[in-house]
Participant: 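Dropping the structure in here first, questions after.
Letters A, B, ... mirror the listed sequences (proteins, then strands); counts begin at 1.
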Protein chains: 2
Amino acid sequence: MVAASRLDETHDTGGAERVFLALRSRVVSGELKAGDRLPPERELALKFNVSRPILREALRSLAMLGFLEIIQGSGAYVRQPDIALVSDFLTFCMAQQPDVLDDIIQSRIAIECQAIRLACEKASEADLNRIAASLTSLLDTLDDPVLGGQADYEFHSGIVRASHSPALSTLYRALTPLLMQSHVSRRRIVPSGIRNFLVDAHKEVFLSIVDRKPDEAENRLREHFAIGDEYRRKSLIAAFSKSSPDRQT
Amino acid sequence: MVAASRLDETHDTGGAERVFLALRSRVVSGELKAGDRLPPERELALKFNVSRPILREALRSLAMLGFLEIIQGSGAYVRQPDIALVSDFLTFCMAQQPDVLDDIIQSRIAIECQAIRLACEKASEADLNRIAASLTSLLDTLDDPVLGGQADYEFHSGIVRASHSPALSTLYRALTPLLMQSHVSRRRIVPSGIRNFLVDAHKEVFLSIVDRKPDEAENRLREHFAIGDEYRRKSLIAAFSKSSPDRQT
DNA sequence: AAGAACTATTGGTCTGACCAATCTGTCAGC
DNA sequence: GCTGACAGATTGGTCAGACCAATAGTTCTT
């Protein structure tokens with residue numbers, strides 16, 4: 001047999017994947033920085049000892065992952081991957097599991113409760129102003145579900161931002177699309193009666209940050225979430241007992 | 001001009017990306033479930049009206065993202081993406097930002113503090129036994145940095161698992177690699193004197209879960225983290241003032 | 001009926017060519 | 001001398017056909 005000439009490859013997984021891993025490691029290691037331009041495809045293909053279609057499979061994969069931006073006629077440029085891709089992927093991973101939309105709120109509470117503690121320490125004047133502004137828009141958009149939801153989001157994301165924790169902010173951004181889904185369906189079933197109450201809860205949370213009282217802030221925030229949760233359950237029960245006969249498919 | 005037959009495409013971004021998006025949307029929408037086999041490449045290429053190399057660029061990209069598993073001679077099969085990929089990507093995204101390793105601990109605290117509250121409600125006998133077991137190994141491996149670190153991780157991840165929140169667990173798993181990095185460097189500078197104290201802290205946290213007291217559990221956990229943080233700072237200051245002259249490059 | 005050999009299917013790769021967008025350098029015109 | 005337009009070179013985008021390698025299904029032998 002002629003099986004005696006494959007020792008030059010670490011672990012052969014196919015040409016495309018080999019090139020993919022090689023280039024990716026160059027990016028994550030910092031050897032290739034954002035903005036750098038890769039050599040032309042024909043040249044790279046020669047260097048990696050693969051054909052151009054195979055080399056392109058690797059490049060395209062990196063591009064889809066956000067590591068590269070390929071511009072026709074110009075070249076392939078290293079790009080800082082966007083957190084939005086993580087978000088997409090996380091969304092999909094979680095969406096595979098049943099009832100995640102009900103569960104995702106736990107992650108939100110986790111992040112915001114820690115963020116608000118840090119915010120009590122680190123929030124700047126600008127942070128507080130931003131949160132105050134979102135509080136104002138919250139008041140002005142009580143009757144608009146869409147704008148109101150946006151103001152609500154800005155209030156909460158303002159808290160996270162005020163924590164000055166990049167990791168918390170990154171996670172929060174990654175969760176945002178999923179939050180939006182559960183958020184929309186939640187807000188839809190909230191009638192006008194409870195809204196003033198929710199506004200007051202937001203105010204109290206904000207004031208606790210202004211007073212720099214972490215424990216109080218977290219407790220009020222937890223209470224805010226708990227009330228929302230309790231209310232959602234009641235609504236679901238009510239909706240279920242009413243429309244139970246209609247429920248089909 | 002012959003430009004009058006591209007209205008069937010949403011927005012033409014090139015063949016490969018078009019195919020990629022089409023197939024990906026079929027996966028995320030559930031139209032293609034895990035385990036399903038895709039048609040042969042030649043057939044797919046015909047269906048999407050592209051050449052095989054282009055079709056392969058799309059397939060390879062999906063494979064690199066974990067959506068597909070391609071087996072030579074057999075076919076391309078839809079696969080449930082692994083959260084580890086999110087973790088990798090998250091790691092890279094965060095690693096680009098400076099000082100994330102010091103900041104990632106905030107995300108950990110956030111998740112665990114919420115998880116421990118849920119654990120107080122939902123922890124099963126098996127959960128408690130698992131945590132108790134990790135507590136035992138923590139005692140048995142006080143002198144081994146590696147095994148001790150592993151026991152410590154099992155204790156904390158046991159808490160998260162006991163929360164029975166898939167979202168929190170998913171996030172925690174995503175953070176784990178980054179935690180390991182900061183964890184190792186932290187544990188290395190912890191001398192033996194403080195360890196018994198840390199073990200006691202773990203015990204108290206555990207007992208609070210057993211007693212089903214969320215507030216107490218969270219407070220003790222926060223205290224545990226705070227002490228670790230405080231200690232790390234002291235160590236850094238000490239190390240800095242001692243080795244300051246040596247510090248080079 | 002079980003195992004082996006064969007064949008069809010399917011992914012993996014290569015070559016070479018052509019098109020399209022971009023970049024660059026030259027040259028005419030101001 | 002500077003500017004703008006043109007033309008060629010560079011580079012990515014795509015295609016076609018061919019061949020190899022691994023797998024799966026079939027058939028034949030034992």
Participant: Given atom CG of A:Leu44 and atom P of D:dG13, what is their separation to the nearest angstrom?
Facilitator: 13 Å

Participant: Report each atom pair, protein N/O against N/O of nucleotides 5-10 of chain C, whose distance is under 3.5 angstrom.
Facilitator:
residue : atom : partner : partner atom : Å
C:dT10  : OP1  : B:Arg37 : NH2          : 3.3

Participant: How many angstroms lie between CD1 in B:Ile116 and CG in B:Leu168, if you round to the nearest 0.5 Å?
Facilitator: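 Reported to 0.5 Å precision, the distance equals 12.5 Å.
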
Participant: Just so I know, are the side chains of A:Leu38 and A:Leu32 near enough to count as touching, which here means a heavy-atom distance under 4.5 Å?
Facilitator: yes

Participant: To check you understand the geometry: which heavy-atom pair defines the closest contact between A:Leu138 and A:Asp152, and what is its length?
Facilitator: CD1-N, 3.5 Å

Participant: Map A:Tyr77 and A:Gly15 onto DNA chain C by nearest heavy atom, then report which one ends up closer to the 5' terminus.
Facilitator: A:Gly15

Participant: Looking only at heavy atoms, what is the nearest atom pair of A:Leu171 and B:Leu175, with distance?
Facilitator: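 It is CD1-CD1, 4.1 Å.
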
Participant: Nearest 0.5 Å, please: how far is CD in B:Glu154 from CG in B:Leu135?
Facilitator: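 It is 12.0 Å, given to the nearest 0.5 Å.
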
Participant: Evaluate whether atom CZ of B:Arg130 has more than 12 neighbouring non-hydrogen atoms of other residues, nucleotides or ligands under 6.0 angstrom away.
Facilitator: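 Counting neighbours around CZ of B:Arg130, more than 12 heavy atoms of other residues, nucleotides or ligands fall under 6.0 Å, so yes.
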
Participant: In Å and rounded to the nearest 0.5 Å, what is the OG to CZ distance from B:Ser74 to B:Arg37?
Facilitator: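 Answer for the OG-CZ pair, B:Ser74 versus B:Arg37, is 6.0 Å.
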
Participant: Can you tell me how far P of D:dG13 sits from CG of A:Leu68, to the nearest Å?
Facilitator: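 Taking CG of A:Leu68 and P of D:dG13, I get 11 Å after rounding.
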
Participant: Just by distance, no angles: are the side chains of A:Asp127 and A:Ser124 close enough, under 3.5 Å, to form a donor-acceptor pair?
Facilitator: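 Yes.
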
Participant: By a strict heavy-atom criterion of less than 4.0 Å, which residues belonging to residues 49-61 of chain A are in contact with DNA chain C?
Facilitator: A:Asn49, A:Val50, A:Ser51, A:Arg52, A:Pro53, A:Ile54

